[in-house]
Amino acid sequence: MKKALRCQLVYIMLVVLFIVAVFMNINTGNVHISFGRIFKIIFLKAEAGTAGFNIIWKIRLPRLLSAAILGGALALSGFLLQTFFRNPIAGPFVLGISSGAKMFVAITMIFLLKYMSGMPLWAQVAAAFVGSLLAMLYVLLFANRVKSMSMLLVVGIMISYICSAITDLCITFANDSDIANLTHWAMGSFSGSSWSTVKLAAAVVFPTAVVKAD
């Protein structure tokens with residue numbers, strides 16, 4: 001009973017902190033917007049067409065929602081990996097999944113789509129998904145042969161280094177613009193987030209989270 005009550009209190013505190021963080025994030029920037037105006041603009045759709053309305057609905061809210069959705073997806077993936085491999089340090093970086101995603105994005109960006117003006121968002125998502133899937137497939141193949149979980153993590157680190165080496169090899173044949181785009185993609189940024197990216201992230205993350213929960 002006490003444990004259930006404690007969990008409920010923790011969830012309530014997290015929800016409250018999340019709401020506070022949302023308002024503080026929207027309020028933070030070169031243009032200061034009061035909390036009262038933020039509430040009116042978000043919930044009442046007031047001041048339509050003004051600079052504050054456009055800043056909140058076209059810039060700050062998409063970035064905030066993208067960070068919340070993708071951050072939750074990253075936390076869920078880390079939890080599932082730690083549960084599956086029964087190891088608290090198992091994660092996408094340790095098992096080489098992130099390196100596999102970057103490797104396939106580099107191959108796609110530098111060689112497969114070099115005749116296009118730019119790599120569209122859906123192509124980046126698809127390439128990263130295929131690369132991470134291939135890296136995870138190799139880890140699972142080794143999992144059937146390796147009995148020790150510590151050795152499996154070593155295998156994941158080995159795959160990570162191999163993928164990083166292939167990525168560096170691809171970069172040597174890339175143009176300066178491709179190198180800059182790949183570096184920007186690898187560093188990660190929500191500065192270019194829009195409602196289309198929020199819809200894409202939600203369409204990928206939410207159904208997957210529901211399936212995993214079942």
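Keep in mind that what you see is a predicted model, and the values were worked out from it rather than measured. All heavy atoms count here, side chains included; hydrogens, waters and symmetry mates do not.
Taking all atoms of both residues into account, the shortest heavy-atom contact from Leu70 to Ala201 is CD2-CB, 3.9 Å. Across Pro207 and Ala202, no two heavy atoms sit closer than the pair CD-O, 3.5 Å. Counting all heavy atoms, side chain and backbone alike, Ala135 lies closest to Gly96 at CB-O, 3.5 Å. Between Thr108 and Ala127 the shortest heavy-atom distance is OG1-CB, 3.6 Å.
Side chains of Leu169 and Thr172 form a contact here, defined as non-hydrogen atoms less than 4.5 Å apart. You'll find the side chain of Phe104 stays beyond 4.5 Å of the side chain of Phe129, heavy atoms only. A 4.5 Å side-chain heavy-atom check between Phe23 and Asn27 finds every atom pair outside the cut-off. Within the 4.5 Å cutoff, the side chain of Phe111 has heavy atoms near those of the Cys170 side chain. Residues Leu81 and Ile97 meet the side-chain proximity criterion, which asks for heavy atoms closer than 4.5 Å. Counting only heavy atoms from C-beta outward, the side chains of Thr50 and Asn54 never approach each other to under 4.5 Å. In this structure, Lys102 and Trp185 have side chains that are in contact, with non-hydrogen atoms separated by less than 4.5 Å. Considering only heavy atoms from C-beta on, Arg60 comes within 4.5 Å of Val31 through its side chain.
For Tyr138, the OH atom counts as loosely surrounded, since its 6.0 Å shell holds 12 or fewer non-hydrogen atoms of other residues, nucleotides or ligands. Environment of CE in Met158: crowded, with over 12 heavy atoms of neighbouring residues, nucleotides or ligands closer than 6.0 Å. At most 12 heavy atoms of other shown residues, nucleotides or ligands fall within 6.0 angstrom of atom OH in Tyr161. More than 12 heavy atoms of other residues, nucleotides or ligands lie within 6.0 Å of CZ in Phe190, so this atom counts as buried by the packing criterion.
Listed for the Asn25 side chain is no donor-acceptor partner under 3.5 Å among the backbone atoms of Ala21. Panel note: side chain Ser160, backbone Gly156; no donor-acceptor pair is recorded below 3.5 Å.
With a 6.0 Å cutoff to the six-membered ring centre and a 45° limit on the axis angle, Lys45 counts as a cation-pi contact of Trp57.
One hydrophobic cluster holds both Ile41 and Ile55 under the rule that ILVMFWY side chains link at heavy-atom gaps under 4.5 Å. Linking Ile, Leu, Val, Met, Phe, Trp and Tyr residues whenever their side-chain heavy atoms come within less than 4.5 Å places Phe53 and Phe43 in a single cluster. Met187 and Ile171 fall into different hydrophobic clusters, defined by Ile, Leu, Val, Met, Phe, Trp and Tyr side-chain heavy atoms under 4.5 Å apart, directly or through other members. Using a 4.5 Å cut-off between side-chain heavy atoms of Ile, Leu, Val, Met, Phe, Trp and Tyr, with links allowed through other members, Phe18 and Met24 fall into different hydrophobic clusters. In the hydrophobic clustering of this structure, Ile12 does not group with Val15; members are Ile, Leu, Val, Met, Phe, Trp, Tyr whose side-chain heavy atoms approach within less than 4.5 Å, directly or through other members.
Put simply, CE on Met109 and CD1 on Ile179 are 11.5 Å apart, with the number rounded to the nearest 0.5 Å. Note that CG of Leu64 and OG of Ser193 are 10.0 Å apart. Values are rounded to the nearest 0.5 Å. Atoms CG and CD1, from Leu95 and Ile157 in turn, are 8.5 Å apart once rounded to the nearest 0.5 Å. For the atom pair OG of Ser77 and CE of Met136, the computed distance is 10.5 Å after rounding to the nearest 0.5 Å. A distance of 8.5 Å separates CD1 of Ile110 from CG of Asn175, quoted to the nearest 0.5 Å. Rounding to the nearest 0.5 Å places OG of Ser98 at 7.5 Å from CG of Leu74.
Under the salt bridge (charged side-chain N to carboxylate O under 4.0 Å, His left out) criterion, Arg37 pairs with Glu47, sequence neighbours left out. Partners of Ile42 under the side chain to side chain contact (heavy atoms under 4.5 Å, CB included) rule, at least two apart in sequence or in another chain, are Ile26, Ile38, Ile56, Leu61. Evaluation of the ring pair (Phe, Tyr, Trp, His ring centres under 6.0 Å) rule for Phe142 yields no partner, not counting sequence neighbours.
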Exercise. Could you give me the CA-CA distance, side-chain angles and deciding distance for Leu182 and Val105, then say whether side chain to side chain contact (heavy atoms under 4.5 Å, CB included) is met?
Key: CA-CA 8 Å; Leu182 181 63; Val105 169; 4.1 Å; yes

